[in-house]
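Positions are given from 1 along the sequence. Please read these numbers as outputs of a predicted model, since none were measured by experiment.
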Amino acid sequence: MDMHTVVVGTSGTTAEDVVAVARHGARVELSSAAVDALAASRLIVDALAAKPEPVYGVSTGFGALASRHISTELRAQLQRNIVRSHAAGMGPRVEREVVRALMFLRLKTVASGHTGVRPEVAQTMADVLNAGITPVVHEYGSLGCSGDLAPLSHCALTLMGEGDAEGPDGTVRPAGELLAAHGIAPVELREKEGLALLNGTDGMLGMLVMALADLRTLYTSADITAALSLEALLGTDKVLAPELHAIRPHPGQGVSADNMLRVLAGSGLTGHHQDDAPRVQDAYSVRCAPQVNGAGRDTLDYAAVVAGRELASSVDNPVVLPDGRVESNGNFHGAPVAYVLDFLAIVAADLGSICERRTDRLLDKNRSHGLPPFLADDAGVDSGLMIAQYTQAALVSEMKRLAVPASADSIPSSAMQEDHVSMGWSAARKLRTAVDNLARIVAVELYAATRAVEIRAAEGLVPAAASQAAVAALRAAGAEGPGPDRFLAPDLAAADTFVREGRLVAAVEPVTGPLA
C-alpha cells in the first residue's frame, strides 16, 4: 500500500485524494478538527436522544416507518437492524477501488461533524481502510436516493464485524475474522449511527471521480490518435489553425485543436492530398475531431464542477446543524451526480463513434488515399485489420446502448415515501463499462493509425516526430504490427494497456510538450 497519507478534515476532500485512497492504497487519518467536530455533534445527538419527544433518525424508525417512536432500550438494536436489513445487495461483486472510494467518501461526510457519529466509529472506518480490508459489495441495491443504501450497508456491516470482506491478500473471509486479525474492534452502533453510515451519494460520486480521471487520459489520447489518422490519410492540418477555433471559442475545442496541431508539427504527410488527389475538404471524422473531442472535454469540465461541489458536501439525513438543530432534508438525492454521469456516457459514446469512423476510413482502399486494403501486408491472403474494426464497431454499438440515460428513470420505493429516485448508482455502473470500452476503441484506432503511418513512411514520406515517437513506443510495448502469420489479439491488448495507462500521452509529450 502507498504510504502517502490523506488527512480527512471537516471541509470535504479532493478528487486527487479519492483516487489516492481508492486506487493507490493511501493511508487515511482524521484531523484533530474532525475529531472535535465529531465529538461536538455527538453531544447534540445524545441530548436529543434523552428527550421524550421523537426525533427522526435518533428515536424513530426510517422511511415509511418514520412515525414510530422507538424506546431507549431498542435503539441500539434499531441501528444494527437497519444495517442488517439494508445489506440486501445482489449480483456480482463491485470492484475493490469502487468500494474503497465509497468507504472513504462516507468517512469524509462523517468527519464533517454534521452526522452525529461518534469519533470512535469514524476512526474504525479509517482503520478498516488502512488495513486494506474491503467489504464485499454487490452490483445491485441502490436507487441513487436516500443514499447508495445497500452498498453502504454492506460496508457498515463490516464495521460491525459481520458479513464478508476481502483481506489485503485478496482472500474473502468473514469480516469479524479480518478485523480481529488486524486488531480492530467491531463497532457497537448507537442512536443515528446506523442511518448515518448508509445515507449518502458516496458510491456514485466515487465512480464519477475515477471516471473523470480516466476520461482525461482518454480524451488526450484520442486527440493524439485523431492527429495520427489525419496524417495517415494525408489530410490537411490547416483546419487546426488557432484563429479558426478562436471564432468559436468553446474552450475544449481549442484545447483539442492545439493538441492535434502540436502532434502534427513538422509532418511531411499533411496537405499532400492537394497534390495527387484533390479534395476540397477532409471528411467530418477527420476535420471535425477538435469540435467533437472538445465538446466532450467541456462536458468533463462541467462534471468536475459538480463532483467538486459534492466532494465539499455533507450528505446525510437528518443532519446536525451548527446551531444544534437536527433537521431532515433531501440532500441525499443523487440527481446532480446522476445527470453528469449520464452526460459522460453520452460524450464517451460519441468519441468512440468518431474514432471508429476514422479507423474504417483508414482500412477502406476507396477512401484511404492509397493505403492498402485493410492495411494488410498481402490483401486477400491477409485480412489485415478487417476484424479489428469489427471488434471496434461492436464496442461502439454497446457504447450507444450505454449512453441511454439512467437518470431519466425513476421507480418508487419504501411504500411511496421515496417516490422519485435518481438511479445515479446505475448511471455510474454503466459509465464504468463505457469508459472501459472507450479505451479499447481508442486503442484500435491507435493501432490502425500507427500501421498506416508506417506504410506512408515506407513510401518515403516523413511523419511528424511525435507520430514517430508514438509508433516506436507502441511497438516497444508489445504491439508489433500486423503480419500474415500473427494473431492480432495480443497486439490489440498491448495497445489497449498502452492507452489506458496513459503511456501514449507519455510517449509523445517529450516531443510536443505537455498536452492538455
- When you look at V6 and R27, which way does the side-chain contact (heavy atoms from CB on, under 4.5 Å) test go after all the steps? CA-CA 6 Å; V6 171; R27 292 185 60 79; over 6 Å; no

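- Counted by atom type alone, R429 and T433 present zero donor-acceptor pairs between their side chains at under 3.5 Å.
- Panel note: side chain S256, backbone Q253; no donor-acceptor pair is recorded below 3.5 Å.
- Nearest heavy atoms, A345 versus A403: O-CB, 3.9 Å.
- No side-chain N or O of E29 forms a donor-acceptor pair with one of T5 less than 3.5 Å apart.
- Between the side chain of H86 and the backbone N or O of L149, no donor-acceptor pair lies under 3.5 Å.
- N199 and N317 share no side-chain donor-acceptor pair at under 3.5 Å.
- Using a distance-only test at 3.5 Å, with no hydrogens or angles considered, no donor-acceptor pair links the side chain of D258 to the main chain of G254.
- Looking only at distances, no side-chain donor or acceptor of R216 sits under 3.5 Å from a matching main-chain atom of A211.
- Ring geometry for H154 versus H138: interplanar angle over 60°, hence perpendicular rather than tilted (30 to 60°).
- In this structure, S407 and L341 have side chains that are not in contact, with every pair of non-hydrogen atoms separated by 4.5 Å or more.
- Annotation: side chain of E193 is in contact with side chain of R42 (closest heavy-atom distance under 4.5 Å).
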- Item | Verdict with supporting geometry, H333 and H420, side-chain contact (heavy atoms from CB on, under 4.5 Å) | CA-CA 9 Å; H333 201 288; H420 184 82; 3.7 Å; yes

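- A distance-only check finds a donor-acceptor pair linking the side chain of R106 to the backbone of A196 [under 3.5 Å].
- A salt bridge does not link R173 to E166: none of the charged side-chain nitrogens sits closer than 4.0 Å to a carboxylate oxygen.
- Within the 3.5 Å criterion, the main-chain N or O of A516 finds a donor-acceptor partner in the side chain of R297.
- T124 contributes a side-chain N or O that, together with a main-chain N or O of E120, makes up a donor-acceptor pair within less than 3.5 Å.
- Within the model, atoms CZ of R500 and CG of L218 stand 7.5 Å from one another, a figure rounded to the nearest 0.5 Å.
- Atom CD of E501 sits about 11.5 Å away from atom OG of S221, to the nearest 0.5 Å.
- Within a 6.0 Å sphere centred on CZ of F332, other residues, nucleotides and ligands contribute more than 12 heavy atoms.
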